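First comes the structure, then the notes that go with it.
Just so we're on the same page: letters track the sequence lines, and every chain starts at 1. Since the model is a prediction, treat every value here as computed from it, not as a measurement.
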Amino acid sequence: MSIKELYQGDKETAWCPGCGNFAIRKSLIEALSELEIKPTEVVMFTGIGQAAKMPHHLRINGFNGLHGRALPPAIGQRIANPELKTIVESGEGDTYGEGGNHLLHNIRRNPDLAHLVHNNQVYGLTKGQASPTSEADTSTLIQPQGVTAEPFNPIKFAVAMEASFVARSFSGDTEHLKKTIKAALEHPGYALVDILQPCVSFNKVNTLQWYQERVYQLEDDYDPYDYSTALKRAEEWGAKIPIGIIYKQEKTIFKDRFPQLDEAPLVEKDFDTEKLEDLLVDFE
Amino acid sequence: MSIKELYQGDKETAWCPGCGNFAIRKSLIEALSELEIKPTEVVMFTGIGQAAKMPHHLRINGFNGLHGRALPPAIGQRIANPELKTIVESGEGDTYGEGGNHLLHNIRRNPDLAHLVHNNQVYGLTKGQASPTSEADTSTLIQPQGVTAEPFNPIKFAVAMEASFVARSFSGDTEHLKKTIKAALEHPGYALVDILQPCVSFNKVNTLQWYQERVYQLEDDYDPYDYSTALKRAEEWGAKIPIGIIYKQEKTIFKDRFPQLDEAPLVEKDFDTEKLEDLLVDFE
Amino acid sequence: MDLNVVIAGEAGQGLKTVEDILNKTLFEMGYDIYSTKDYMSRVRGGHNFMSIRFGDERLTGPAQKEDILIALNEESIKVHRDLVVEEGIIIYDGEVEVDNKELLSVAASDIAQELGNPKVANTVFIGALLKALGLYLKTTEEVLKEYFDNEKIININLQALRKGYEQVEKKISLPFVNKGGQILINGNQALGLGAISAGVKFYAGYPMTPSTGVMNYIASKQEELGIVVEQAEDEIAAINMALGASYTGVRAMTGTSGGGFALMSEGLGLAGITETPLIIAEVQRPGPATGLPTRTEQADLQFVINASQGEFPLIVATPRSVEDCFYQTFRSFNLADKYQLPVVVLSDQFLADSTMNVIRFSHRALDIQRKLINEEEAENINNYQRYKLTEDGISPRAYPGQLEDQVVLVDSDEHDQFGNIIEDAETRIKMVDKRAQKMKTITKEESLEPEFAGENEIDYLIVCWGSTYGPALEAQKRLAADDYAVGLLSFNYVWPFPTEKLNKYAPGTKIVVVEGNSTAQFASLLESESDFTSHHNILKYDGRPFTGTEIYNRFIKEVIK
Amino acid sequence: MDLNVVIAGEAGQGLKTVEDILNKTLFEMGYDIYSTKDYMSRVRGGHNFMSIRFGDERLTGPAQKEDILIALNEESIKVHRDLVVEEGIIIYDGEVEVDNKELLSVAASDIAQELGNPKVANTVFIGALLKALGLYLKTTEEVLKEYFDNEKIININLQALRKGYEQVEKKISLPFVNKGGQILINGNQALGLGAISAGVKFYAGYPMTPSTGVMNYIASKQEELGIVVEQAEDEIAAINMALGASYTGVRAMTGTSGGGFALMSEGLGLAGITETPLIIAEVQRPGPATGLPTRTEQADLQFVINASQGEFPLIVATPRSVEDCFYQTFRSFNLADKYQLPVVVLSDQFLADSTMNVIRFSHRALDIQRKLINEEEAENINNYQRYKLTEDGISPRAYPGQLEDQVVLVDSDEHDQFGNIIEDAETRIKMVDKRAQKMKTITKEESLEPEFAGENEIDYLIVCWGSTYGPALEAQKRLAADDYAVGLLSFNYVWPFPTEKLNKYAPGTKIVVVEGNSTAQFASLLESESDFTSHHNILKYDGRPFTGTEIYNRFIKEVIK
Ligand SMILES: Cc1ncc(C[n+]2csc(CCOP(=O)(O)OP(=O)(O)O)c2C)c(N)n1
Ligand SMILES: Cc1ncc(C[n+]2csc(CCOP(=O)(O)OP(=O)(O)O)c2C)c(N)n1
Ligand code: SF4
Ligand code: SF4
Ligand SMILES: [Mg+2]
Ligand SMILES: [Mg+2]
């Protein structure tokens, strides 16, 4: 079987026909198979939401945890067995809303993982409430007079936090998306990919066409290592929305902060209870 | 009694002699009294920590809530009775650590309040663990090999999030601190004041002297309305640390998003149960 | 007469619209209605269905049997065919084998196509159903005119309705009814309406099925009534925001389901120690963790009662019906204010999504009691103590800014009468006792007693709480009609645990606890809080609500044998 | 012989150092020790004290009386003067009225000043105490040499010690003792050591008094042993991090106190439904909310047992002593792995901060049992089902990457045997039953039974759980010595609730529950989970631990009368 085939789940999805999630799944599987990563060599951590159902819609090691809590269990895995690749995948409500504190602090940790955020600017699964990225004048059943906070710009936030890899892609451009996911997977350190994803059921403003009219790829000579340019480009939103790797830098990854993690992964190590005798010396 | 006297609590504090918290209290009381705000006209919301004990160490309306949760109850107050001034006050562990998600999203809401963060770069009350702002190589009982994440820069974060008022001050310069707190209290919208505060018991690196050697006031002609300069100055840390209002802008405040809040404060309004009859029309 | 119409299809096929229009039609005609939803946690596809039970006598729960099926897709035929009673009717667009049931084949999609809008196929089905039931079109026409606001859409729907009507023959004769003074409402709306009627001024919440409907309803009235509804960044923020508003003096509320409640549990204790009134609507769904997000269960009972570290007074209301969602939510606000404590209104998806006719609520039954310090008291206070020790445990409550020259200080640490932190044993004991005293005062002053149904002499006592009441009542009535001496005790408050009626009705009976969970949580409560023990438990934990028939059958089989 | 030395002063005066040095000295000399802390939630000032009880027979709790007081400031004289027994000794730097006690005035600060370091005043007091007790200096000198690592500081302390020794006369003659094979350790250290010995590889936590000591201890060994300790951004992250590590195949743990546990409660349910082993150390302090951060209480019992929405298997261990903290934490890891569930180790501040001598732990008593799929099994698996239905409810557990070509999928939604989301009633019921079956298997296969102390024929049965054991045992012994027929049943597991020994010892007795809370939570559990009822409850909720004398006195007064 080809690697691509290995990822095929055998069940229908819970997604709506026409949803951007299908394209993301496709690009993801292609990215993984082009990198020759098998389903058993990678773990996917997700929260709760439509996007977060991903591990049920392909065949992969998966930890489908709690709403807003996709990142923390991945940190545990990075420590326990860094030999497995790590994908954290969830909706933008899950990631930037309920899970905001984990995002904030894991950028500081810089764990080696690819974080794919399906940004449909809406809470899909719970049927259409505003999310942190909903546009300024979005009105919903809860906010009939419009949302009460400014939209969150994840790209600008992550660049300013000096995350080690910050990209935007678009489910409507699967080639670009595949390439970006590959780069995120290959990047050593925390790699955020905010993926614009139309929700055909609840977001009637930011449709596929809306995005298509605005999205453009960063210039070929764009230098993602240039922090101040990145910060500026991160502001672009509205008439024109850049996609691509907006910012990048290499720095110490989380696991390397623990010198005791040098040899085999923890999961392969047993504890020798005889060591207790040495430990008791402190209490004698 | 002078307003200043009105703020005098009659109990000894739980703070260590020499702690920066005393100076902050002093500056705060002076700021309030110079603005002629009486203790009954302002409410202080705090979390848990040494800094968060503030409402017990002066006489003021106070809601001393949960660790990390100083901001959310203040939002409730802003809605229920915006005629009372609002101070949110806590440690940096409380604010940037446990409470990070509320910070993130309340900057987006822009409630009209002054947020005073006692930043001693350590968890004081729990006896010396690293906080989000602890320096890169800080080692503690929990992190004998040093902290495992990069320090959080609250100023840069808040500027990049386009908070409407971002300042840094220093407990070692009470005049500056008083002035800054006054400006924060007078600013319409969310005003973050990160206050450098030596902890004499647990932070042996960032001492009063350490700060004094580094801290300087922003130039007189510094323009806090200039976003990109602000972002750059927000980066300064180490040999030289600027204090002052680093960034400022006026924008819609949270309460003004609710047109129904036009008249008297909610707390003064009673509900007329006869209105039930009108509401029932929907269900007939 | 008691008929159950099931409309089945996949998510996204417009089931809700069909349900709404049929409910409204039958309601307007004066029938009693109990309508429920069975839906999956997805936006499109899968298999969902609505059951509309209607009749000429009060209905208190869903039916077990399916009399009429409107199948919007083939899958629905497969799933429901065998559930339809013998001689029952299946309305479907196509030809299928239906054994001993009657198939009414309706070319709904062709008709809709002809009319130029495929979406109106459902309206064709409605027309067909009405004809089969021998009902007139007029009421439905009015309903459609109100339901849609675009003239063109209304017209095409009216046409579709008529076309459907013409497709089939009358099959059933319904009795004529004419009930007045009723409203048609579901559990979440009733809960929200109860809160609004109690004068809630601030609602902070984070969306979570099946509680979101409460927030939606209140939000829809916020501008008109000067209420503020705020979507919080997470449930922790939601409860703390509400506490801040309540401290500031307004009635405040939050709502969620079990997972969100878990996140709120620390805040619940904060309400407890700061003695801040707060209403939390906890609309249960099956757990643990994410569980079955759109289904029903009663498995958060012990969690809610025991939530948060430490010990503090708490009231847990468990409304027993849609109507009760309104009245007990209203009452909860008065209780919370009077006793200065959190009240959890524990509902569930079954109640939340049950739409039924209830007797019109009246504002005359409503009396808002804030119990804040009044102006006169305010003037006489010199050295305000938020936590003044009193005999009944209740201290005078003022909000910040209310008292001239006096501040209001509340604290999550243990504190003295002024709200300042203390650590000494003596004050600690006094404050624990003060808070505990409030529970004693409640037991003395408030009746939180369950409702009894049945004859005086009984051998069996069915005991249930919350939403199980409706189905249990139906079962009890049928058992009584069969001459079994069975009574019913239905709790709509479970904490503090009321024991008066138990002591009255339970002695000498065999207690049968009926509840929607797998570990018989209420039965445990009964054991620890009363002198009685459950003889047998009828439990259900498949995510679906009880029906009266099911309880009746299981009672016969498991208890009477 | 049984003496209680109290060292009192304010935070920041170095009380802990005095306690450490005295503990170590007395331990080295072979005395039995039970040392406890009473401290405020502040860094400087206030009033704190340490009680070092020591003697020549095993001690299981703190003393009520104070025999010797070392008062480091005047405040301490005020607070403790009347607590010191008649003829007791007060060591103080100054002259004060002490009524019928003996004052040993020691010019500690002058001496320290002369020696050139005001900090060594405390060492002067130690010297004085040793002399009063008629002990030699040698042991303490060795202890000081080990305690400090700077030559100069050691020397000045040795001088201070000798100067203090010379200041007073011998007052008391102690028996000679010589106990070997012991270690000196506190509850948090023992808990951490138990985890390390069980092979914990990952500990994620957020600081919270009084649990932080567990994390500190494990962290201090992390580099040496290849363990990772990570300070999380909040408790929600902590538990989810630990779950991720456990899913990945290593033993993982988190720890906190009640407030943090509240935040973790949603994650607890996640452990439950995903069937992921996890150890949570919950070191209780008085609530609700922030409560009394540095004090003790046993009021989180019902919360912990019932935490999180929905129903799932859970074990709650309540170590009864410092020693038990070690053994039950170790065992908890085996139980968690075997039954694939969360285990809460419920300790409290009293245990956490109790330092005592215990019989040296031995690795020979330790057998780590992971119960993961072994290599042979791994090779034979083709279509791996993480949630395979089995008779005992336990499915074969593999970690990601362990199986060739097979993935491991876990889900917080209800799921099928492969871990995929389901919504049908049939699978739901099977999965609830599967998880519930694990609780039955535990009850069948594991003994979680309490320990009994006492004679065969008893009239009264004292029942307690967790840390109350030590004081309760002391009381039971004294009552038995007074010829009251009193037995003691001490629970170190409370969930699933073990009933065998209760059924054996309780019939015919009057049960007296002794616990550290105000609502008698264990007594409720007893009522709902066993056939027994508490006759009387001895409760305490002032933030301080029980003493044996206190239980003895209250038993006589409240029970025997
Ligand atoms: C603690 C908790 N709160 C709320 C929910 C309800 N909930 C589930 S998914 C979701 C929002 C999902 O939005 P997003 O992450 O943007 O994903 P999408 O469905 O749009 O892909 C919410 C609020 C939950 N499951 N758990
Ligand atoms: C939920 C919860 N987790 C942890 C704690 C313990 N805790 C109290 S204060 C504190 C840290 C305080 O640090 P900071 O906010 O910087 O305040 P400081 O004491 O330094 O002024 C912690 C971890 C708590 N009270 N509640
Ligand atoms: S609701 Fe929106 S995001 Fe969810 S599956 Fe449907 S289209 Fe996609
Ligand atoms: S511990 Fe530090 S922050 Fe706290 S009072 Fe003492 S000096 Fe101040
Ligand atoms: Mg989304
Ligand atoms: Mg701090």
Quiz item: Quick one: of A/Leu66, A/Thr40, A/Asp282, who has the most non-hydrogen atom pairs under 4.5 Å with chain D?
Solution: A/Leu66
Self-check item: Residue pair A/Phe283, D/Tyr217: steps toward the ring-ring contact (aromatic ring centres under 6.0 Å, His included) verdict
Solution: CA-CA 12 Å; A/Phe283 304 106; D/Tyr217 177 68; 5.7 Å; yes
Quiz item: Would you find more than 12 non-hydrogen atoms of other residues, nucleotides or ligands less than 6.0 Å from D/Lys179 atom NZ?
Solution: yes
Quiz item: chain D heavy atoms under 4.5 Å from A/Phe258: which part of the residue, side chain, backbone, both or neither?
Solution: side chain
Quiz item: Is chain A contacted by the side chain of D/Val229, its backbone, both, or neither, given a heavy-atom distance below 4.5 Å?
Solution: backbone
Quiz prompt | Residue D/Ile239 versus chain A: region with a heavy atom under 4.5 Å | solution = neither
Quiz prompt | Structural part of A/Lys269 lying under 4.5 Å from a heavy atom of chain D | solution = both
Exercise. Identify which part of A/Leu266 has an atom lying under 4.5 Å from any heavy atom of chain D, answering side chain, backbone, both or neither.
Key: both
Quiz prompt | pair A/Arg108-D/Glu233: side-chain heavy atoms closer than 4.5 Å | solution = no
Self-check item: Minimum side-chain heavy-atom gap A/Phe271-D/Ile196 below 4.5 Å
Solution: yes
Quiz item: At a heavy-atom separation under 4.5 Å, does A/Ile48 approach chain D through its side chain, its backbone, both, or neither?
Solution: side chain
Exercise. With the side chain counted from C-beta on, respond yes when A/Leu276 and D/Leu366 share a heavy-atom pair under 4.5 Å apart, and no when they do not.
Key: yes
Exercise. Find the one option among A/Ala74, A/Pro73, A/Ala14 whose heavy-atom pairs under 4.5 Å with chain D are most numerous.
Key: A/Pro73
Self-check item: Min side-chain heavy-atom separation A/Glu41-D/Pro400 under 4.5 Å
Solution: no
Quiz item: Quick one: are A/Phe254 and D/Glu230 in side-chain contact, heavy atoms under 4.5 Å?
Solution: yes
Quiz item: Hey, are the side chains of A/Asn81 and D/Val250 touching, using non-hydrogen atoms and a 4.5 Å cut-off?
Solution: no
Quiz item: Who among A/Glu268, A/Lys38, A/His102 has the most heavy-atom pairs with chain D under 4.5 Å?
Solution: A/His102
Self-check item: Interface moiety of D/Thr274 toward chain A, non-hydrogen atoms closer than 4.5 Å
Solution: neither
Quiz item: Is there side-chain contact between D/Met241 and A/Arg78, with at least one heavy-atom pair below 4.5 Å?
Solution: no
Quiz item: For chain A, which of D/Gly419, D/Ser412, D/Gly199 has the most heavy-atom pairs under 4.5 Å?
Solution: D/Ser412
Quiz item: Is there side-chain contact between A/Lys275 and D/His363, with at least one heavy-atom pair below 4.5 Å?
Solution: no
Quiz item: Knowing that exactly one of D/Glu223, D/Gln222, D/Glu224 qualifies, which makes a side-chain hydrogen bond (donor to acceptor under 3.5 Å, both in side chains) with A/Gln260?
Solution: D/Gln222
Quiz prompt | Residue A/Pro55 versus chain D: region with a heavy atom under 4.5 Å | solution = both
